[in-house]
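For reference, the structure is listed below as structure tokens.
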Amino acid sequence: MKQVLETPEAYHHRGAGGVVVSSLTPDALVALLHRTNGEWTLPKGHIEGDESSQEAALREIAEEIGLQKLEIVGDLGTIRYTFQDPDTSKPHHKEVIFYLVLSPPGCLPLTPEDTPKFDDARWMSLHDAEHLCTYDTTRKILHRARKALQNPLPRREF
């Protein structure tokens, strides 16, 4: 069950996702999803039940782009944004925790989730990804990932 809290004023969502990279080097490729509405984005989704944010991030990545046996190597922070669903009168406030995630070697091609919301998944340079992503919040997370790969993070146990 998704972690969505409804209050009289709004819906509050908690999610997790990842910047999946091909290596821990500045020239790493990053996995991006293309939505059928034209947006380029990172794999992310709701935290379900009693999942940790790390478990949710890995599950969402597996569901949305087909990658497994991933390693979370760092925390990239949290983004917050508000959106309006045309089917509800209240705003939706969303908080998404992002992790830097290392993919095992040779995981090409990516497989986008078979749903009407995605039509492509690709590896691309962090530079290209930052320019293609639709939202400032996503670009900020990608920028943090690029900075982390230029100044490698110490590996952390989660």
Got a sec, which residues hit side-chain hydrogen bond (donor to acceptor under 3.5 Å, both in side chains) with [X], two or more places apart in sequence or on another chain?
| X | answer |
| --- | --- |
| Thr41 | Lys44 |
| Glu113 | none |
| Asn37 | Glu39 |
| His131 | none |

Taking only residues two or more places apart in sequence, or in another chain, which ones meet [X] in a salt bridge (Lys or Arg N to Asp or Glu O under 4.0 Å)?
| X | value |
| --- | --- |
| Glu55 | none |
| Lys90 | Glu6 |
| Asp120 | Arg122 |

Could you tell me which residues satisfy side chain to side chain contact (heavy atoms under 4.5 Å, CB included) with [X], sequence neighbours excluded, listed by chain and number?
| X | value |
| --- | --- |
| Thr137 | Ile79, Tyr135 |
| Leu58 | Leu70, Ile72, Val101 |
| His92 | Tyr11, His13, Phe83, Asp85, Thr88 |
| Glu95 | Arg14, Thr78, Arg80 |

(request) Would you list the pairs meeting salt bridge (Lys or Arg N to Asp or Glu O under 4.0 Å) in which at least one residue belongs to residues 23-32, sequence neighbours left out? (result)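 Residue pairs passing salt bridge (Lys or Arg N to Asp or Glu O under 4.0 Å), neighbours aside: none found.
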
(request) Would you mind telling me which of Asp75, Leu42, Leu142, Thr138 makes a side-chain contact (heavy atoms from CB on, under 4.5 Å) with Phe98? (result)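 Among the candidates, only Leu42 passes.
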
